[in-house]
K.L.:
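Have a look at this one.
By convention here, the first residue in the shown sequence is residue 1.
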Amino acid sequence: MEIIRLLKRAIAREMFRCLTTTVTVPGIADLRPLRQSKNITLTAAARHFGVWPTYTDDSVWEPLTPPTVPAGASGGVPDPALDTPAYALAELLTAITRRQHEHRRRTADRLTAVLDTGLLPAELTEMAPYYRAKAYKDLSQNDAARAGMQQVSETGGRLALKARRGLTNLARLAGDFPAALAAVPALGWKGRHHRVLGDIHWSHADTAQAVAAFEAGRAEAEQHSAVGERAMTQVRLALALSFADPARAGDELALAHQLLNGLDQRSNTLLAQVVALIKDAGTDDVTARAQGLHADIEAAGLPFLHRFVELALAFHHAVRDEDQDLAATIGRLRGLTVTGDFAYFTDIAHFMAALPLTNPSPAQWLDGPVLTRERWRTLVTARRRALGAQD
């Protein structure tokens with residue numbers, strides 16, 4: 001399966017080169033007669049190589065190395081003349097390829113320009129709004145992200161299931177955990193059901209269920225040779241363990257870094273650094289490391305991750321019983337979650353420190369706020385005991 005994955009990457013890279021440069025196309029007139037003489041259908045050939053129509057399932061375009069271009073007026077990438085379907089398609093693939101190399105705002109703008117041309121082939125039209133919605137989510141523009149995911153979901157195309165997963169995750173970010181949980185069974189493998197379920201459970205400090213979900217997701221990714229999904233799920237497994245079991249979290253984080261090596265996953269690479277902060281919460285250098293991580297996140301154009309850094313700091317300050325620092329962290333969290341998404345992180349910060357919550361978020365906790373509060377507080381007291389601190 002690894003060989004097939006590499007062949008798919010090679011084919012995608014060659015297609016990308018042909019779309020973005022002027023090349024002499026070799027003759028292929030003999031391929032169809034040869035295939036037909038052997039009674040091989042196009043569908044059979046596609047299934048044999050495991051490609052069309054699911055070539056975007058593991059983001060095959062994203063790992064491609066973007067072509068070197070001269071500096072231009074738009075952040076080093078000249079704006080192409082999107083006046084033909086071929087140029088629109090090339091720009092679509094370029095925007096998807098570069099999304100791990102440039103600010104998400106640039107990605108959203110490029111995809112908007114492609115959509116505005118109206119020149120994309122009908123079967124590829126859903127790719128632009130889907131990846132633009134993902135960029136909007138990373139930019140914390142979740143109303144726009146929801147609208148885009150809803151549009152793709154309603155088309156019923158190849159990305160509809162992924163869009164429904166996106167809508168489920170957006171429901172979770174808004175604190176509607178019952179709705180998110182209810183949507184999980186319909187997602188299946190293509191909707192990454194185990195990863196979605198694990199994200200719901202770790203938010204409730206339900207470490208055992210979160211770990212079980214992420215381990216199942218990792219195993220399923222391995223079965224499907226989905227290296228990107230395997231790495232993504234591994235990072236989240238380490239995240240779930242980082243609050244409760246820092247020793248094992250360290251082992252899982254080491255594996256996460258190994259799986260991320262060679263992949264273009266900036267968001268997960270940065271999230272892995274957040275996991276390291278949580279794993280080390282209560283030690284002396286966490287605050288300084290968090291400041292550096294904030295700068296990296298800002299440069300990457302992934303502002304939603306600022307909230308994870310602040311949640312890590314809330315855990316750190318709660319463990320060290322640093323009331324003033326914790327109050328400042330909660331204040332920053334309130335500012336970062338003013339739109340309503342991730343507002344429950346502010347609740348969690350109060351739960352960790354056993355603080356009264358006079359202005360709770362709209363979060364609908366699966367087991368109610370009391371039990372969720374107890375779980376988060378237990379994680380803090382356990383870390384204090386492990387560090388030899390007094391509760």
Side-chain angles (χ1 to χ4, degrees), residues 16 19-20 56 59-64 66-67 69 71-83 85 87-121 124-155 157-160 162-171 173-174 228 232 264-271 296-308 336-342:
F16 186 86
L19 284 166
T20 56
T56 59
S59 301
V60 69
W61 297 108
E62 295 191 44
L64 304 184
V69 295
S74 53
V77 183
D79 293 316
L82 302 179
D83 51 3
Y87 278 121
L89 175 58
E91 176 66 0
L92 169 66
L93 299 182
T94 300
I96 294 173
T97 301
R98 286 190 174 276
R99 65 188 293 266
Q100 298 292 356
H101 299 267
E102 61 188 12
H103 199 286
R104 290 298 197 272
R105 168 50 55 197
R106 174 62 178 153
T107 301
D109 290 345
R110 296 181 77 155
L111 292 173
T112 297
V114 170
L115 284 167
D116 288 346
T117 67
L119 293 173
L120 284 177
L124 293 179
T125 301
E126 65 177 352
M127 289 181 69
Y130 174 74
Y131 280 98
R132 183 175 65 174
K134 291 188 69 173
Y136 282 147
K137 174 180 172 293
D138 290 342
L139 290 166
S140 298
Q141 298 179 11
N142 286 347
D143 288 341
R146 288 185 185 90
M149 291 296 183
Q150 189 64 45
Q151 175 189 349
V152 176
S153 175
E154 291 173 354
T155 65
R158 289 184 294 105
L159 294 175
K162 286 190 173 184
R164 286 195 283 275
R165 180 189 73 210
L167 290 169
T168 302
N169 280 327
L170 288 166
L173 301 189
M232 193 178 304
D264 257 335
Q265 292 193 2
R266 279 200 302 178
S267 175
N268 287 297
T269 300
L270 290 168
L271 182 58
D296 292 340
I297 289 169
E298 192 65 28
L302 296 166
F304 79 97
L305 286 172
H306 287 306
R307 295 143 173 171
F308 283 83
L336 289 168
T337 60
V338 68
T339 62
D341 292 309
F342 285 105

K.L.:
Among all residues two or more places apart in sequence or in another chain, which pass the salt bridge (charged side-chain N to carboxylate O under 4.0 Å, His left out) test with Arg146?
P.N.:
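Expected list: Asp143, Asp341.
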
K.L.:
Closest heavy-atom contact between Leu305 and Ser267?
P.N.:
CD1-O, 3.8 Å

K.L.:
Can you tell me how far apart CG (Leu159) and OG1 (Thr125) are? Round to the nearest 0.5 Å.
P.N.:
11.0 Å

K.L.:
Identify the two heavy atoms, one from Thr107 and one from Ala95, that lie closest to each other, and give their separation to 0.1 Å.
P.N.:
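Thr107 and Ala95 have their closest heavy atoms at CG2-O, 4.1 Å.
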
K.L.:
How are the rings of Phe304 and Phe342 set to each other: parallel, tilted or perpendicular (split at 30° and 60°)?
P.N.:
parallel

K.L.:
Residues in side chain to side chain contact (heavy atoms under 4.5 Å, CB included) with His306, at least two apart?
P.N.:
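Checked His306 against side chain to side chain contact (heavy atoms under 4.5 Å, CB included); matches are His294, Ile297, Glu298, Pro303, Leu336.
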
K.L.:
Take Arg105 and Tyr136 through the side-chain contact (heavy atoms from CB on, under 4.5 Å) test and state the conclusion after the steps.
P.N.:
CA-CA 8 Å; Arg105 168 50 55 197; Tyr136 282 147; 4.2 Å; yes

K.L.:
Using salt bridge (charged side-chain N to carboxylate O under 4.0 Å, His left out) as the criterion, list what pairs up with Arg132, not counting sequence neighbours.
P.N.:
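With neighbours one apart ignored, the set is empty.
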
K.L.:
Hey, mind stepping through Leu271 and Phe308 against side-chain contact (heavy atoms from CB on, under 4.5 Å) and telling me if it holds?
P.N.:
CA-CA 8 Å; Leu271 182 58; Phe308 283 83; 4.0 Å; yes

K.L.:
Check whether Ser153 reaches the backbone of Met149 with its side chain - one donor and one acceptor, N or O, closer than 3.5 Å.
P.N.:
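No.
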
K.L.:
Rounded to the nearest 0.5 Å, what separates atom CE in Met127 from atom CD1 in Ile96?
P.N.:
3.5 Å

K.L.:
What closest approach, in Å, do Leu119 and Ala88 show between heavy atoms, and which atom pair accounts for it?
P.N.:
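Smallest heavy-atom distance, with atoms named: CB-CB, 4.0 Å.
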
K.L.:
Rounded to the nearest 0.5 Å, how far apart are CG of Leu115 and CG of Leu111?
P.N.:
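With rounding to 0.5 Å, CG (Leu115) is 7.0 Å from CG (Leu111).
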
K.L.:
What heavy-atom pair brings Ala145 and Ala133 nearest, and what distance separates the two atoms?
P.N.:
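Looks like CB-O, 3.5 Å.
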
K.L.:
Let me confirm one number: the CG-CG distance from Asp296 to Leu302, rounded to the nearest 0.5 Å.
P.N.:
11.0 Å

K.L.:
Looking only at atom types and distance, does a side-chain atom of Glu91 sit under 3.5 Å from a main-chain N or O of Val114, one as donor and one as acceptor?
P.N.:
no

K.L.:
State the NZ-CG distance between Lys162 and Leu167, to the nearest 0.5 angstrom.
P.N.:
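The CG atom of Leu167 is 14.5 Å from NZ of Lys162, to the nearest 0.5 Å.
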
K.L.:
Please lay out, stage by stage, how Arg104 and Gln141 fare under the test side-chain hydrogen bond (donor to acceptor under 3.5 Å, both in side chains).
P.N.:
CA-CA 11 Å; Arg104 290 298 197 272; Gln141 298 179 11; over 6 Å; no

K.L.:
Show your working on side-chain contact (heavy atoms from CB on, under 4.5 Å) between Leu139 and His103 and close with a plain yes or no.
P.N.:
CA-CA 9 Å; Leu139 290 166; His103 199 286; 3.8 Å; yes

K.L.:
Donor-acceptor pair, Gln265 side chain versus Gly228 backbone, under 3.5 Å?
P.N.:
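Flag set: sc Gln265 to bb Gly228 pair under 3.5 Å.
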
K.L.:
Identify whether the distance between the nearest side-chain nitrogen and carboxylate oxygen of Lys134 and Asp138 falls below 4.0 Å.
P.N.:
no

